[in-house]
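In what follows, chains carry the letters A, B, and so on, assigned in the order in which the sequence lines appear, proteins first and then strands, with residues in each chain numbered from 1. These numbers come from a predicted model, not from an experiment.
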Amino acid sequence: MKINNTVIKVCMGTGGIAAGGSEVMDAFRAELKASGIEAAVEKNCLMHKVGCRGLCAKDVLVDVIVKGQKTTYQYVKPEMVSRIVKEHIIEKNPVADWVVGDDYHNFHKKQLKVVLSDCGSIDPEDIDAYIAGNGYEAARKVITSSAPADVIGTIKASGLRGRGGAGFPTGVKWEAAMKQSSKQKYMICNADEGDPGAFMDRSVIEGNPHAVIEGMIIGAYSIGSDKGYVYIRAEYPLAVERLRKALSDARARGFLGKGIFGTKFSFDIKVKLGAGAFVCGEETALIASIEGQRGMPRAKPPFPVYSGLWGKPTVINNVETLANVPYIIRNGAQWFSSFGTEKSKGTKVFALTGKIKNSGLIEVPMGIPLREIIYDIGGGIEGNRALKAVQTGGPSGGCIPAEMLDTPVDFESLAKVGSIVGSGGMVVLDEDNCMVNMAQYFLQFTQMESCGKCVPCRIGTKRLLEIIGRITKGKGKEGDVELLEKLSADIKAASLCGLGQTAPNPILSTIKYFRDEYEAHLKGKCPAAVCKELLTYYILEEFCKGCGACLRACPAKAITGEKKKLHKIDPAVCIKCGACFDVCKFKAVGKE
Amino acid sequence: MIRLTIDNKAIEVAEGTTVLDAAKMLNIEIPTLCHHPKLTPFGGCRLCIVEVKGVPRPLTSCTTPVSEGMEVATSTPALEDLRKTLLELILSDHPNDCMICEKAGDCTLQELAYFYGIRENRFEGERRIYEKKDGNPFIERDMGKCILCGRCVKVCDEIQGVGAIDFAYRGFKSKICPTFEKDLDCEFCGQCVAVCPTGALTGKMWQLRGRQKDINAIDTTCSYCGTGCNITLHVRNNKVVRVTSKENTWNEGWLCVKGRFGYSFINSPDRLKKPLIRIAPKESIKGSKGQSLKNSDTLTLGRSDTCDFSAIFREASWDEALDYIAAKLKEIKERSGADSIAGLSSARCTTEENYLFQKFIRAAVGTNNVDHCARL
C-alpha cells in the first residue's frame, strides 16, 4: 500500500507528554507497523513530535496531514490510534467524533504567532526542520554581510522591548554593550522563568530551541561577544534536554564554535542550571549565580552592560526576546513594528490560566484588548460565571478589574492601570475568588523567595503577610488597610531589586480596585466565601433531606440529626473544612 | 575629577568615589548599618538611601558612584520617613533586650533607634529565635540579634580569606551560618565580631566585664609577633577586659585570634615576670605528686600546677641572669668551640630584635648557627 504525503504531528511539550504523548506516538508507530504500511511510512509518511501549541487542556493533540489537508484531533489516547490510522490515514476519512471543535479554532483565530510560529509545527529536536523554515539564515546573513551597528539599528527600528518584564528596549541594551571596549563580553539568555503558573519560556525552548540559539548568535555578533550562557532552571528537564541537543546539533553544523559561517566570528554557549531560586531571574542575582555565588542581587548602577558577569560587559535577554530576533532579521524591522502599539511593538506570549475555559499558551499582538483575550481566545469564564478581575504579571503584577476589560494589553496601558505585562502570566479570576486571599497567595510566594539581603523585602514583606493574614482570619484591626498601603509604598521605594520593588503590587492593586472586600473582611465577612476563618456553614432547612451524607463526611462530628430529619451544624465544633458542602447532593449546605 | 553637589554643597571627587564617601568628605552624616569602609559595598540595610535629581527612586549612597553634575539630597522628609520604616522593620525582628545586651552603648542599631526616636513599632510580628550553641571559647553568636548586614560574611571572605560563614535560606528565614549550620569551626580571629554593628557577635571573654563608660582605652602594640599590630586595651579596674584595634591604625583595625583574644596571660598567676635561674638538675625534678617526669612533661615546666616550682628555679635580676648566660656561653665556647652553640630566635621579636640577635650570634659568639622559628 502506498501512502503519500502523510504527516503525523504529536504534541510533545511537557503538557503533551504528561497527557500521554509518548504513548500516543508509540501507538501510532505500532499501528502503522501492524497495518503493514511501516515501510511506506519511512518513505512517505513523516511522523514527528512537536512542541506545545498552546491549548494544553486538550492534549494529546495530534495533527494528521494528508495531502496537505490538516486535521487536528484532541484528547487522543493510545486506544484511539488504530481507528485514526484505519479510517483517516488508510481510508482517507477523518474520524469526525474526535476532531477539534470551534473552541480550538477560536483559540487560535485572534492570536498572532511570531515567537510561537514554529512551536507546535516543527520537530524541536530536528535541526533540519528548523533550517527548512529558513532557520539560521538570519544569523548567516547578519554575520557574513552586516556590520554589528546595522544589526542593532534593525533591532532598534523594530521597537523590540525586553519580554522578561521590564520592557527595556533591546536594541538600546545591545548598543550600550557594543560600545564597551572590553575584549571579553558575555551574552546571557535568561531562562529562569519562575512566576507561578508561567510557562512561556519553557514552551519556547521546548518547542523551538533553535530560534533562541539563533537569537543569541545574532546578539553576540552585534555586541562582540564570544561566550554565552543560557541560565535555565533545573526544574525544566525537557527544556534542558532539548536545548542541549539543539546546542550540540548547532555546534555540529558550525553555527556555534570557532569561525562561524567561514568568518572570524566565534561564539559558543554554555548551559547553566539554576537551582530553583526565583530571585535568580533578576539579572544581577543570575550573574552572581553563574559566578558560583549565592544568587543575591546587587545594586544597579553599574548595569550589567557595563559591568556584569565577572565584571565584564554583559547583555542579559529573556528567552522570548531572543526568539523574536531571528524573525525580525528575516522579515525586517518594519514587518515587526507593524504589529502592536506605538510604544509596544510586536507580540507577547501569555500563559492564560485561572477560571478560563481555554487555558494555555497564547501569543497576541501588543495592544489587543483584554476582553478579546478572555472571551475570544480564552472562550470566556468557566461555568459562565461572572469575571471579577484578571491578574497579570504574576507575583509582581497587579489585577485589572472586570470594568476595565477594554484595557489594551501593552506595556504602557497595563502600567497605567496599576499592573504590568511582566513576564506574561495572566490569571483569570471570577466571582468565587477572594481578592484579599489572592493577594496573600502571591505575597506568600514573594516573601518565601526573597533572597534576604535587603531589609524592606526580607522583613517588610513578612510584615505585610502578617497584616493581610490577620485580615483574612477576621482579626484585622482598624487602620490595617492603610498600614498595608503605607508599608507597601515604603517597600516599593526602598527595596534593592525588582523582586522587592514589585512584591507589594498585588496588595496595592487589590486595595485600589477591591477596597470594599478588605473592609468586609475587617467586619468579619469574606464576600467570596473563601477565607476559612470567616465562613459559617449552615444547613438550609428547605433542602435538607436528612440523608446523613454530611454527618458521615464531617471529620469533626459537628453535624447532628436523625435519619430523614433536618440536620444541624454546631458552629462551635465546626472546623470549616467544607466536607459537608462538597458532599451534599441537595445543595442544602450553605456558607457565608 | 567629578563635580557634584550634596545637600547643595559643591564638591569635587575622584571618579569611582561613592556618594557616601563623597558625603563623608563634606562631613555630611548618612546613617548606615551594613556599610564598612574596608569592605565591598553591600547595599542591604537601605538606610543610606539618598535622592538624586532626575532618578525616580532613592539610591543607596554606599553603592552609587558619583557622576558629573549629580545633585544629591541626603535628608528629605520622604527619606527620613523611609529610614524610620526601615529601622522599625529591623527592630520588629530584634529582641528588645538592650538592658542586658553586651553591645549596649556601643551598638549602631541602638544608636540609630535613639536618633530616630523609635519606641512604638507599627510592625510588631514574628521574630527569629535561635538557640545559642557554639562550644568555642571565643565567639558568642546570638543570631536573633543579627540584622543580616553581611559584614561578617564579607570580612571573613574578603579580608581573612576563610569563608567560614555565609547566607543561608531565603525570605524571613534567611540567616548567616557556617556550612550545614554546624558549630563555628574557624580561625576564631574575631574579625566578624569586630565589624558586627549589633550584639549578634560578641566575644565570650568580654561578657559581663563592664560597660563602656567604666573602661579606659589604652593604645599599645601587640606583643605576639613581629607584625606589631596596633591594639587598644580596654582596661577596667586595672584589668584588661577586651582588646580591639582602631581602623586608622596601620593594620587597619584587623587582628588575629591571638591579638584579639589572647590577653589572659596578662593577669595570669603563671606569668613569668622575672628571669629564673635553675637551681636543681633536670633529672631531679619531681612532679607535684612526687612522680618522676617524662620528657614531654618538661614542656610544661614552670607551670605551678605541674611541679614544685621553687625547688627548680630561683628568681634573679636581669643583670644577674644576663651575666650568668654570658659566662655560660663563654665557658662553652672555650671548652667546645663556637660552633657548639646555636641560636634560635622568636617570631614574637621585632625585625630589629631579630637582626640584633643574629648579629650577636655571628659576631659575638662567632658561629653561623642561627635560625628563627618562623622559618621552620
Side-chain angles (χ1 to χ4, degrees), chain A residues 275-280 284 288 293-302 306-307 443-467 469-470 477 479-480 482-484 486-501 503, chain B residues 16 18 33-34 40-49 51-52 55-65 67 78-79 81-94 121-128 146-150 153 157 166-176:
Chain A
F278 176 67
V279 74
C280 285
T284 58
Q293 300 171 38
R294 177 179 161 95
M296 271 179 154
R298 58 161 180 72
K300 295 184 280 192
Y306 304 108
S307 173
L443 193 67
Q444 224 154 19
F445 177 81
T446 34
Q447 155 59 211
M448 249 164 55
E449 292 295 340
S450 163
C451 79
K453 180 170 179 175
C454 81
V455 170
C457 182
R458 181 182 77 242
I459 310 177
T461 57
K462 169 76 177 172
R463 299 300 174 234
L464 280 182
L465 197 57
E466 286 171 346
I467 299 166
R470 65 177 182 242
K477 293 179 270 193
D480 270 357
E482 290 73 18
L483 190 58
L484 280 178
K486 165 73 181 142
L487 182 53
S488 294
D490 287 356
I491 293 171
K492 279 174 78 78
S495 286
L496 195 165
C497 82
L499 196 158
Q501 286 161 11
Chain B
T18 64
L33 278 167
C34 69
T40 55
F42 187 63
C45 76
R46 316 303 290 168
L47 287 170
C48 73
I49 44 174
E51 286 172 10
V52 176
V55 180
R57 64 169 54 251
L59 297 173
T60 40
S61 56
C62 68
T63 59
T64 308
S67 61
L79 286 175
D81 187 49
L82 276 177
R83 286 184 183 134
K84 194 159 183 285
T85 298
L86 292 166
L87 278 169
E88 269 183 77
L89 285 173
I90 294 171
L91 290 166
S92 74
D93 183 29
H94 193 86
N121 199 319
R122 291 168 288 173
F123 310 116
E124 292 289 345
E126 188 191 331
R127 278 183 195 161
R128 292 163 302 140
C146 173
I147 58 165
L148 284 99
C149 69
V153 175
D157 177 31
D166 206 339
F167 285 81
Y169 301 101
R170 269 177 257 168
F172 189 69
K173 289 179 183 156
S174 303
K175 69 192 285 195
I176 287 163

Flag the one option from [options] with the top tally of heavy-atom pairs under 4.5 Å to chain B.
options                            : answer
K453(A), K492(A), M296(A)          : K453(A)
A489(A), A494(A), A299(A), C457(A) : A494(A)
A493(A), P301(A), G479(A), P302(A) : A493(A)
Q447(A), M448(A), R463(A), E449(A) : R463(A)

Checking side chain to side chain contact (heavy atoms under 4.5 Å, CB included) for the pair L464(A)/L484(A): CA distance, chi angles, key distance, verdict? CA-CA 6 Å; L464(A) 280 182; L484(A) 280 178; 3.7 Å; yes
Under 4.5 Å from any heavy atom of chain B, what part of [X] do you find: side chain, backbone, both or neither?
X       : value
F445(A) : neither
S495(A) : backbone
L496(A) : both

For the pair K486(A) and E482(A), find out whether any cationic side-chain nitrogen is under 4.0 Å from an anionic carboxylate oxygen.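 No.
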Is any side-chain N of the basic residue among D166(B) and R294(A) closer than 4.0 Å to the acidic one's carboxylate O?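 Salt bridge absent between D166(B) and R294(A).
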Evaluate whether atom CZ of F167(B) has more than 12 neighbouring non-hydrogen atoms of other residues, nucleotides or ligands under 6.0 angstrom away.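 Count over threshold, so yes.
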Verify, without hydrogens or angle tests, whether [X] (side chain) and [Y] (backbone) share a donor-acceptor contact under 3.5 angstrom.
X       : Y       : answer
R83(B)  : I49(B)  : yes
T63(B)  : P41(B)  : no
S450(A) : T446(A) : no

Return the option, out of [options], with the maximum number of heavy-atom pairs under 4.5 Å with chain A.
options                         : value
R122(B), E126(B), E124(B)       : E126(B)
L82(B), L148(B), T64(B), I90(B) : L148(B)
P58(B), P65(B), S92(B)          : S92(B)
R170(B), K175(B), E88(B)        : R170(B)

So, S174(B) and R458(A): side-chain donor and acceptor under 3.5 Å apart, yes or no?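 Note: S174(B) and R458(A) side chains miss the donor-acceptor criterion.
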Which portion of F42(B) sits near chain A, non-hydrogen atoms under 4.5 angstrom: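 Interface part for F42(B): both.
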